[in-house]
Amino acid sequence: MWGGRFTVGPAEVMEKINASIDFDKRMAAQDIAGSKAHCAMLVKQGIISPEDGKAILEGLDTILREIQEGRFTFSAALEDIHMNVENRLRELIGDAAGRLHTARSRNDQVATDFKLWVRGAIDELDKQTGLLISALIDQAEKNHDVIMPGYTHLQAAQPVTFGHHMLAYVEMFGRDRSRLIDCRKRLNECPLGAAALAGTSFPIDRHATATALAFDRPTANSLDSVSDRDYALEFMSAGAIMAIHLSRFAEELVIWCSQGFGFVTLSDAFTTGSSIMPQKKNPDAAELIRGKAGRVIGALNTLLVVMKGLPLTYGKDMQEDKEPVFDAADTLILCVTAMTGMVADMKANRDKLHAATADGFLTATDLADWLVRELGLPFRDAHHVTGTIVKKAEDKKCDISELDLAEMQSVEPRITQEIFRFLTVEQSAQSRTSFGGTAPENVKAAAKAARERFIR
Ligand code: ARG
């Protein structure tokens with residue numbers, strides 16, 4: 001493609017380090033779409049003839065079919081997807097192929113292809129995340145009144161409902177989605193026509209190519225157009241945050257299905273057995289989702305470090321952008337899909353969840369709140385009184401609801417029999433009716449609202 005000023009070909013190892021075809025062939029469809037838009041525009045602007053344009057467009061369609069049907073031979077000597085396609089075009093249609101690259105460079109070409117690829121990945125991940133959110137809302141509705149311990153420091157804290165816990169993740173994945181959508185908006189400007197770096201002297205119509213490729217507008221600065229990889233970094237940043245959410249949830253599932261908890265049962269379809277211990281049912285999918293967060297975070301770091309300190313405009317370093325992005329996208333889509341399957345099949349064990357609320361004095365806050373409400377104690381004093389009562393129960397190895405009234409009154413004489421009504425975990429959860437609180441009726445309404453907010 002540039003033989004003119006060279007006398008010898010590249011060293012073997014040069015070809016090896018230089019070639020990106022092994023991975024950038026994943027952008028074949030995007031490359032051909034970009035070339036078709038460019039070609040159509042060149043014809044319309046009178047820059048190439050309609051005959052050449054027709055031959056080019058037909059040739060590109062043929063190549064796309066060859067690639068889709070696995071009949072295309074990729075060559076590392078031709079370095080990347082762009083040159084592989086152009087070379088094949090020359091084989092198919094002859095010299096007219098050489099006119100396609102008028103007013104274009106591989107620098108704006110690769111930026112366009114990659115943006116199109118990332119945009120597609122965002123759309124797919126957004127769609128899959130929607131399905132995960134939907135599965136979580138189903139679980140929330142089914143279990144809106146199932147009481148379980150809520151934790152801080154992984155210490156039992158207050159009764160909450162299982163449905164409420166599911167909806168917490170709905171909020172997180174909902175924010176992840178909105179970050180993706182936000183990233184897509186900023187990404188959606190077309191670099192095609194920036195050429196190598198300075199723009200071109202040909203009378204091209206960048207608005208036309210931008211529209212043809214479903215971008216909102218062309219990018220405004222040619223230097224930035226070929227240097228920018230923000231969109232890839234932003235996609236992976238949003239992805240890394242999402243991977244963390246997936247990983248936290250996966251960790252909870254691992255804990256919840258362990259023998260000590262038994263809060264949920266995962267289906268056989270998302271667990272594996274042991275080759276030596278016949279009784280085992282391991283939560284491998286959850287563990288892998290937890291582990292794969294490392295890959296996504298690593299991919300983001302890889303590209304951040306590649307881009308750091310690169311002078312404008314294009315540098316070949318930037319060819320290192322694709323593998324981390326492909327891996328992050330593949331990993332995220334795989335993890336979200338697996339999580340959706342796991343959540344859809346998961347069974348919440350109502351009895352085990354309820355039984356776990358027996359330990360840990362989960363209604364101590366309800367006792368303190370009663371002292372504030374009924375006796376007018378300042379909350380700090382009520383906290384102290386309740387602490388003393390908890391200590392008594394702890395010494396007797398029973399729950400505070402199992403103490404008798406006299407024992408309570410020895411700490412605070414004004415406590416009445418009525419207090420016992422407020423010391424059940426059901427009553428505790430039911431009383432949390434503040435906006436965003438865990439009361440089963442709230443959860444029911446919140447699940448319905450979440451469906452309206454998140455399911456499009
Ligand atoms: N394979 C290259 C990449 O992925 C395409 C752009 C090459 N541009 C250049 N000036 N060498 O970045």
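For ligands, and for the atoms within them, numbers begin at 1 and follow the listed sequence. FYI, side chains are in, hydrogens and waters are out, and symmetry mates aren't considered; it's all heavy atoms of this structure. These numbers were taken from a predicted model, which means no experiment stands behind them.
The distance from ligand 1 to the heavy atoms of S20 drops below 4.0 Å at these ligand atoms: 1 (N). Taking every heavy atom of K322 and a limit of under 4.0 angstrom, the matching atoms of ligand 1 come to 3 (C), 4 (O), 12 (O). Within ligand 1, the atoms closer than 4.0 Å to a non-hydrogen atom of D80 are 1 (N), 2 (C), 5 (C), numbered from 1 in the order shown.
When M318, K115, K322 are each tested for a side chain to side chain contact (heavy atoms under 4.5 Å, CB included) with V110, only one passes: K322.
For atom 11 (N) of ligand 1, the choice among M318, R106, E320 with the nearest heavy atom turns out to be R106.
Figure legend: cation-pi geometry between R177 and F454 absent, as NZ or CZ is not positioned both under 6.0 Å from the six-membered ring centre and within 45° of its axis. Taking the ring centre of F215 as origin, the terminal cationic atom of R119 falls inside the region bounded by 6.0 Å and 45° from the ring axis.
Of the protein's non-hydrogen atoms, N107 OD1, 3.4 Å is the one closest to atom 9 (C) of ligand 1. Nearest protein neighbour of atom 1 (N) of ligand 1, counting heavy atoms only, is Q319 OE1, 2.7 Å. Of all protein heavy atoms, the one closest to atom 7 (C) of ligand 1 is Y314 OH, 3.5 Å.
In terms of polar-atom proximity, defined here as any N/O pair under 3.5 Å, H82 makes no such contact with ligand 1. In terms of polar-atom proximity, defined here as any N/O pair under 3.5 Å, E79 makes no such contact with ligand 1.
A heavy-atom separation below 4.0 Å is not found between Q109 and ligand 1.
Between R186 and D230 no salt bridge is recorded (no basic side-chain N to carboxylate O distance below 4.0 Å). A salt bridge between R179 and D182 is absent, with no side-chain N of the basic residue lying under 4.0 Å from a carboxylate O of the acidic one. Ionic pairing of R350 and D145 is present here: one or more N-O contacts between side-chain nitrogen and carboxylate oxygen are shorter than 4.0 angstrom. Salt-bridge formation is detected for the pair R453/E171: a Lys NZ or Arg NE/NH1/NH2 atom is positioned less than 4.0 Å from an Asp or Glu carboxylate oxygen.
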